[in-house]
Amino acid sequence: MSNREFWFVVGSQFLYGPEVLETVEQRAREMADKLSQVLPYPLVYKVTAKTNKEISDVVKEANYSDECCGIITWCHTFSPSKMWINGLVNLQKPYCHLATQYNKEIPNEDIDMDFMNLNQAAHGDREHGFIAARLRMPRKVIAGYWEDEKVHKRLSDWMKAAVGVAVSKQMKVMRFGDNMREVAVTEGDKVEVQIKLGWQVNTWAVGDLVKEMNAVTEEEIDALMKVYESEYDIATDNIAAIRYQAKEEIAMKKMMDREGCKAFSNTFQDLYGMEQLPGLASQHLMAQGYGYGGEGDWKVSAMTAILKAMGENGNGASAFMEDYTYHLVEGSEYSLGAHMLEVCPSVAADKPRIETHHLGIGMNEKDPARVVFEGKSGPGIVVSLIDMGGRLRLIVQDIEAVKPIMPMPNLPVARVMWRAMPDLTDGVECWITAGGAHHTVLSYDVTAEQMRDWARMMDIEFVHITKDTTPEKLEDELFLKDLALKLK
Ligand code: MN
């Protein structure tokens, strides 16, 4: 994680003479250094490119660099774009065009033709923009003064989305058991997601997990119990159930780390040899950045891991979520999201409590331990990736999470309450029209714009349900996209 970086590639040409080019390079270095202080990942100045070869070379280097998560281009001066073609057609990394200018103001007294020749990003960036449009390249355009906070925020967000691309391309998902019997929306083409998103989705036997669990030592469990005690309030006398969850967590973590997996799925229909569905175990793994999907939902599992990595400090407030039930009272219409057990504590408003309760679904011999909490309030999104047959569709809906309007003292699971945009009923109509799943990733710190960027970089369909969406407009949009994407 710590080695991730972005490259600053500045376009120019020989026309202006060595003095101007030196100034351009000096300023570009200064900008990269200053931006690196405020952006989440370093921005490394690479080249002031003046030839086809320089551009092709830096693109080749970027493609093969594990550290480079994307390039940011800018044209301080004019850079004829035909010399970018051979490089750009081979670019395999995320690409952002920063349309900016070294100086903030037009210097009234000092402006002359020398100044104009040096500071001509206004037309240099247009020439640069044309060729990316002509090449139909997926790219992000960010315009604004490079020292403005707003530009920093947008560059930061884009960088995190690009890191989401890097994480996706290395994603390995460990499946314990298959998808829940007969469920459609959790299914999908694993070959297609590997081609499009890079995911390696494979299965491991539950029997192997049980074997791994049996090899976990009491000392290992003691150590993890100390972590649980420091992070959560223990609100049960059933310590044996918590220790059993610790054993499950340790075993799953060992298997995932051995295989390089950052996400996993399981199903209550296949717990052969296990006493409890992993609850606390899955929740604490999610808190450490692993993705999870219930009922064998490997798509939501991988997406959870990716959104977490895109969030604050590489492990943000994003959680596997399920739409459970509605409050349909006029004027206070809310969705209640939860899961059987597995909601990530990264979205908790307060310190979570470990509780044990009976779980009727699945083959639980014993009452599974889980952490219980209320989700925090604030704006967020819910995200669903579905397989449309022949292509993937990413659906994002804006939401406003609230403090749950009632205590629900007998609900034995973590819960989040929210208001869907544009409102509950239109929001549900839009979501269902688009085919969104009951499983989602709910995020407080990844934005819809970042998911749009991610979907563009991944070359998949993106659908955004906002405060301005109507079911009618959405239906037309989906129809047109369906036509367009069939032609593509
Ligand atoms: Mn579920």
Side-chain angles (χ1 to χ4, degrees), residues 4-36 39 41-103 114-147 151 154-155 158-159 162 165-166 457:
R4 298 193 197 284
E5 63 185 32
F6 289 79
W7 291 2
F8 196 33
V9 177
V10 178
S12 194
Q13 61 178 328
F14 287 116
L15 186 70
Y16 310 108
E19 215 173 293
V20 166
L21 289 174
E22 247 167 59
T23 308
V24 169
E25 176 173 341
Q26 203 177 39
R27 288 178 173 183
R29 282 185 191 281
E30 179 198 335
M31 289 164 71
D33 288 347
K34 282 192 177 164
L35 285 169
S36 294
L39 297 175
Y41 300 94
L43 180 63
V44 180
Y45 167 79
K46 288 306 278 193
V47 65
T48 298
K50 302 160 295 291
T51 63
N52 190 306
K53 185 172 185 312
E54 280 177 315
I55 295 158
S56 298
D57 284 351
V58 76
V59 166
K60 272 192 261 179
E61 204 188 332
N63 286 345
Y64 283 92
S65 162
D66 285 333
E67 289 77 29
C68 176
C69 291
I71 65 164
I72 296 178
T73 60
W74 171 53
C75 295
H76 190 313
T77 46
F78 196 81
S79 180
S81 275
K82 286 198 321 196
M83 69 188 190
W84 286 76
I85 294 173
N86 301 60
L88 286 180
V89 292
N90 290 320
L91 181 64
Q92 294 166 356
K93 291 289 169 89
Y95 168 25
C96 173
H97 178 180
L98 174 63
T100 191
Q101 190 167 268
Y102 180 76
N103 55 304
D114 285 344
F115 180 92
M116 297 277 268
N117 280 331
L118 178 60
N119 300 283
Q120 51 175 311
H123 78 280
D125 275 329
R126 280 172 163 73
E127 166 73 0
H128 189 64
F130 163 73
I131 205 62
R134 173 67 179 78
L135 292 168
R136 275 81 171 166
M137 290 192 70
R139 92 279 205 210
K140 179 78 174 176
V141 181
I142 296 176
Y145 186 56
W146 64 281
E147 288 199 290
V151 169
R154 298 193 69 214
L155 280 171
W158 176 79
M159 280 184 164
V165 171
M457 293 186 259

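None of the values given here were measured: they were computed from a predicted structure.
In this structure, Ser36 contributes its side chain and Leu43 its backbone to a donor-acceptor pair below 3.5 Å.
A donor-acceptor contact under 3.5 angstrom links the side chains of Glu30 and Tyr102, judged on distance only. A donor and an acceptor atom, one from each side chain of Thr73 and His128, are located under 3.5 Å apart.
We find the NZ-CG distance between Lys60 and Asn86 to be 10.5 Å, quoted to the nearest 0.5 Å. With rounding to the nearest 0.5 angstrom, the CD1 atom of Ile55 is 8.0 Å from the OG atom of Ser81. To the nearest 0.5 Å, the span separating SG on Cys96 from CZ on Arg154 amounts to 8.5 Å.
Cation-pi geometry between Lys46 and Trp7 is met: the NZ or CZ atom falls under 6.0 Å from the ring centre, inside 45° of the normal.
No close placement of the Trp84 and Phe130 rings is indicated, their centers lying 6.0 Å or farther apart.
Here the options are Arg27, Glu25, Gln101, the test is side chain to side chain donor-acceptor pair (under 3.5 Å), and the partner is His76; only Arg27 passes. Each of Thr77, Asn117, Asp114 was checked for a side-chain contact (heavy atoms from CB on, under 4.5 Å) with Val20, and the lone residue meeting it is Thr77.
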Quiz item: Passes side chain to side chain contact (heavy atoms under 4.5 Å, CB included), Thr100 versus Val151? Steps please.
Solution: CA-CA 9 Å; Thr100 191; Val151 169; 5.9 Å; no
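Among all heavy-atom pairs drawn from Leu155 and Ile72, the shortest one is CD2-CD1, 4.0 Å.
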